[in-house]
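Heavy-atom basis, side chains included; hydrogens, waters and symmetry copies ignored.
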Amino acid sequence: MNDFAISTQTISRSGLQGLPQRLVIDGLVADSAMVDAIAAAKERRVGVVSYLVEHNMADAREIAIAASQEFGAPLLDLDSIKPDLDTVRIVSEKILRKHRVLPLVKRGKKLFIAISDPTNLHALDEVKFATGFSIEAVVVEEDKLNKLLAVSLEQVDTSMPELAGDDFEMDGLEVTSGDDEDAARDSDRSSDAVDDAPIVRFINKVMLDAIKKGASDIHFEPYERSYRIRLRLDGILKEVANPPVQLAIKMAARLKVMSRMDIAERRVPQDGRIKMKISKNRAIDFRVSTCPTLFGEKIVMRILDPSSAMLGIDALGYEAFQKKLYMDCLARPHGMILVTGPTGSGKTVSLYTGLNILNTEDTNISTAEDPVEIMLPGINQVNINPKVGLTFPGALRAFLRQDPDVIMVGEIRDLETAEIAIKAAQTGHLVLSTLHTNDAPKTLTRLVDMGVKPYAIATSVSLIIAQRLARRLCNSCKAPAKIPAEALKKEGFGDEEIANGLQIFQPVGCSNCTDGYKGRTGLYEVMPVSDEIGRIIMAGGSVLDIKQQATLEGVWGLRQAGINKVRLGITSLDEVNRVTVD
């Protein structure tokens with residue numbers, strides 16, 4: 001009796017059928033493991049394919065190939081397509097999430113559905129009943145399906161097709177203050193103060209355009225004879241509008257009403273917050289700051305998108321070894337992780353990405369921030385308010401009385417805050433925070449300058465991450481750059497790679513990007529505080545001593561990280577030169 005017959009007899013005794021049977025016959029999953037997987041999947045109310053892939057019991061691509069061959073359904077690589085959102089909208093979100101299927105394309109009365117298990121007839125029948133279309137199953141890989149389904153549903157929800165025309169009245173747009181307890185009073189305040197419909201409409205449109213373009217800030221700037229509005233796109237300010245200067249006071253009043261500021265006070269800076277709900281599942285926060293200038297109040301709105309913290313660490317631009325260092329330190333029960341860099345360098349996103357990884361049911365996480373930038377469910381966030389006596393040290397002392405596992409301090413600004421945070425890191429807590437320094441080695445000497453004892457730094461700080469954000473080259477239009485070999489060598493590229501035909505790219509510009517760039521990536525210097533670096537700190541060593549030791553230990557500087565991004569074609573040499581120095 002051959003092996004195939006023996007395998008078939010074993011399967012029949014287990015009672016396996018359909019796709020599970022095929023996977024066992026092909027040797028992708030053991031017979032007993034498949035029986036256990038089916039039982040576990042049934043108990044968890046998930047598909048058996050989902051269970052197998054989630055628990056690394058079988059490769060998603062091999063499952064898809066086996067399913068396609070066994071049941072004669074076409075096989076499709078989802079990396080090669082971009083779903084039509086109008087087609088996705090044909091099936092309700094509830095059904096798509098329930099059955100983990102994705103509409104791909106419509107041909108007449110036939111709807112092609114991506115599915116990882118074509119034997120799931122219940123899912124196909126429910127889609128057929130709900131839509132009235134005849135259904136054609138297309139086999140895809142489970143992991144790719146889950147990713148594309150999540151992205152497609154997010155795009156369907158946030159694509160805002162109703163904003164395409166100029167006649168949109170924005171009646172469904174919810175704009176409130178960021179303070180939920182006072183949100184009920186916002187409508188009364190707004191009607192009492194600024195009830196100028198064109199101004200309201202114009203400002204809402206500017207805010208929505210900024211969100212759609214991916215801007216990080218909006219600047220409203222009054223001058224003697226002009227008024228301009230600029231957006232910060234990929235780190236660079238671009239002028240987008242020049243409303244009449246006569247409207248400066250009305251626009252400032254409207255923005256201050258939305259932010260719950262005192263509209264009568266124009267002599268001192270004020271801070272506020274706006275929450276804009278743009279769809280059922282997506283709300284954007286704006287942090288608003290006013291500053292009196294010579295010709296009126298300049299107002300800057302920082303756009304805070306909570307989804308940026310959900311991108312995952314892989315999307316931030318860490319090199320593989322840098323990511324491992326960060327993840328290893330996040331896995332420790334105690335110690336301090338410091339993220340450093342100038343304003344707008346992405347420190348908050350790096351910290352919140354780490355917090356999101358740590359945010360589990362069994363972990364008590366508390367943060368003290370001024371102000372809270374991104375609100376995350378499951379994390380206890382405190383907004384620092386010095387006016388009422390709620391300071392960073394006060395918040396930290398309160399945290400330590402509430403059995404914390406992880407503490408995040410928005411910024412270490414003074415010695416008292418630094419000492420409490422360091423004591424927390426030394427007594428069994430994981431502490432994350434930021435400092436404003438130019439690179440990782442300078443962070444250690446900055447703490448010493450603040451008055452922190454060197455031995456305390458050496459025994460508490462585990463990791464320092466210095467970072468910058470560089471614009472990504474647009475993949476649609478980037479072009480090879482012709483740079484002499486000598487110039488490349490001076491920039492930091494090696495002789496061997498130059499001799500082997502190193503190819504770097506430069507921006508061009510097209511309808512899909514801004515000046516040849518689209519999006520940004522992080523450049524990181526990830527420096528663990530090793531025993532040797534700790535000894536240098538306690539011996540009163542200089543920044544240069546620390547930097548030399550870090551280099552010996554394989555730490556990449558910001559410049560080196562940027563050069564590698566150029567080497568990979570992710571960004572341009574000009575951009576790296578803009579955001580880093582030798």
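- The two residues Lys478 and Gly569 make their nearest non-hydrogen contact at NZ-O, 2.8 Å.
- Looking only at distances, a side-chain donor or acceptor of Asp405 sits under 3.5 Å from a matching main-chain atom of Asn364.
- Under the side chain to side chain contact (heavy atoms under 4.5 Å, CB included) test applied with Thr353, the options Leu355, Val349, Asn356 reduce to a single match, Val349.
- Using a 4.5 Å heavy-atom threshold, the side chains of Thr343 and His436 count as touching.
- Contact check on Asp271 versus Arg287 returns no salt bridge, with no Lys/Arg side-chain nitrogen under 4.0 Å from an Asp/Glu carboxylate oxygen.
- To the nearest 0.5 Å, atoms CG (Leu415) and NZ (Lys453) are separated by 7.5 Å.
- Judged by distance alone, the side chain of Arg266 and the main-chain N or O of Ile249 form no donor-acceptor pair under 3.5 Å.
- Distance check: Ile422 CD1 to Ser433 OG gives 10.0 Å after rounding to the nearest 0.5 Å.
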Validation: residues 504-515 side-chain donor-acceptor distances under 3.5 Å, sequence neighbours left out:
residue : atom : partner : partner atom : Å
Asp515  : OD2  : Lys238  : NZ           : 2.4

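- Taking the charged nitrogens against the carboxylate oxygens, Arg397 and Glu416 do have a contact shorter than 4.0 Å, which makes a salt bridge.
- The shortest non-hydrogen separation linking Val431 to Ala421 is CG2-O, 3.7 Å.
- Ion pair Asp328/Lys324 flagged as a salt bridge, since at least one NZ, NE, NH1 or NH2 atom sits closer than 4.0 Å to an Asp/Glu carboxylate oxygen.
- Of the charged side-chain nitrogens involved, at least one lies within less than 4.0 Å of a carboxylate oxygen, so that Glu319 and Lys565 count as a salt-bridged pair.
- Although no hydrogens or angles enter the test, the distance criterion places a donor-acceptor pair under 3.5 Å between the side chain of Ser345 and the main chain of Pro342.
- Evaluated for a side chain to side chain contact (heavy atoms under 4.5 Å, CB included) with Ile457, the options Thr443, Val452, Thr445, Val529 yield exactly one hit, Val452.
- The closest side-chain heavy-atom distance from Ile218 to Val300 is not below 4.5 Å.
- Leu400 approaches Ala424 most closely through the heavy-atom pair CD2-CB, 3.8 Å.
- Ion pairing of Asp209 with Lys205 is present here, as a side-chain N (NZ or NE/NH1/NH2) and a carboxylate O approach within less than 4.0 Å.
- Although no hydrogens or angles enter the test, the distance criterion places a donor-acceptor pair under 3.5 Å between the side chain of Gln270 and the main chain of Asp262.
- Atom CD of Glu419 is separated from atom CG of Asp414 by 9.5 Å, given to the nearest 0.5 angstrom.
- Of the N and O atoms on the side chains of Arg567 and Asn564, at least one donor lies less than 3.5 Å from an acceptor on the other residue.
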Going through the distances and angles, do Thr340 and Lys442 end up as a side chain to side chain contact (heavy atoms under 4.5 Å, CB included)?
CA-CA 10 Å; Thr340 182; Lys442 289 177 183 174; over 6 Å; no
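- If you take CD1 on Ile299 and CD on Glu221, they are separated by 11.0 Å, rounding to the nearest 0.5 Å.
- The aromatic rings of Tyr524 and Tyr318 sit parallel, their planes meeting at an angle under 30°, below the 60° perpendicular limit.
- Across all their heavy atoms, Val555 and Gln560 have their closest contact at O-OE1, 4.2 Å.
- Contacts classified as ring-ring contact (aromatic ring centres under 6.0 Å, His included) and involving residues 249-276 (residues at least two apart or in different chains) are not found.
- Nearest heavy-atom pair across Leu558 and Glu525 is CD2-N, 3.7 Å.
- When every heavy atom of Ile563 is checked against every heavy atom of Val576, the shortest pair comes out as N-CG1, 4.3 Å.
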Begin with the C-alpha distance, continue with both residues' side-chain angles, and end with the deciding distance and a verdict on side chain to side chain contact (heavy atoms under 4.5 Å, CB included) for Val245 and Arg225.
CA-CA 6 Å; Val245 69; Arg225 293 185 175 84; 5.9 Å; no
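- For the salt bridge (charged side-chain N to carboxylate O under 4.0 Å, His left out) test, no residue two or more places apart in sequence or in another chain qualifies with Lys213.
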From CA spacing to verdict: side chain to side chain contact (heavy atoms under 4.5 Å, CB included), Ile464, Leu435
CA-CA 10 Å; Ile464 302 173; Leu435 271 177; over 6 Å; no
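- Under the rule for a salt bridge (charged side-chain N to carboxylate O under 4.0 Å, His left out), Arg446 has no partner lying at least two apart in sequence or in another chain.
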Step-by-step salt bridge (Lys or Arg N to Asp or Glu O under 4.0 Å) determination, Arg472 to Asp234
CA-CA 9 Å; Arg472 284 179 172 271; Asp234 297 332; over 6 Å; no
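- Remark: side-chain polar atoms of Lys298 are not paired, donor with acceptor, to backbone N or O of Thr293 under 3.5 angstrom.
- Separating the CD1 atom in Ile407 from the CD1 atom in Ile420 is a distance of 10.0 Å, to the nearest 0.5 Å.
- The structure places CD of Glu575 at 13.0 Å from CD1 of Ile570, a figure rounded to the nearest 0.5 Å.
- A side chain to side chain contact (heavy atoms under 4.5 Å, CB included) with Arg254 holds for exactly one of Met258, Lys250, Met251; it is Met258.
- Between the Thr571 side chain and the Arg471 main chain, a donor and an acceptor come within less than 3.5 Å of each other.
- Every residue two or more places apart in sequence or in another chain was checked for a salt bridge (charged side-chain N to carboxylate O under 4.0 Å, His left out) with Lys147, and none qualifies.
- A salt bridge links Arg559 with Glu491; the closest basic N to acidic carboxylate O contact falls under 4.0 Å.
- Scored by the salt bridge (charged side-chain N to carboxylate O under 4.0 Å, His left out) test, Glu369 finds no partners at all (sequence neighbours excluded).
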Show your reasoning for whether side chain to side chain contact (heavy atoms under 4.5 Å, CB included) applies to Tyr352 and Leu376.
CA-CA 9 Å; Tyr352 272 97; Leu376 290 179; 3.3 Å; yes
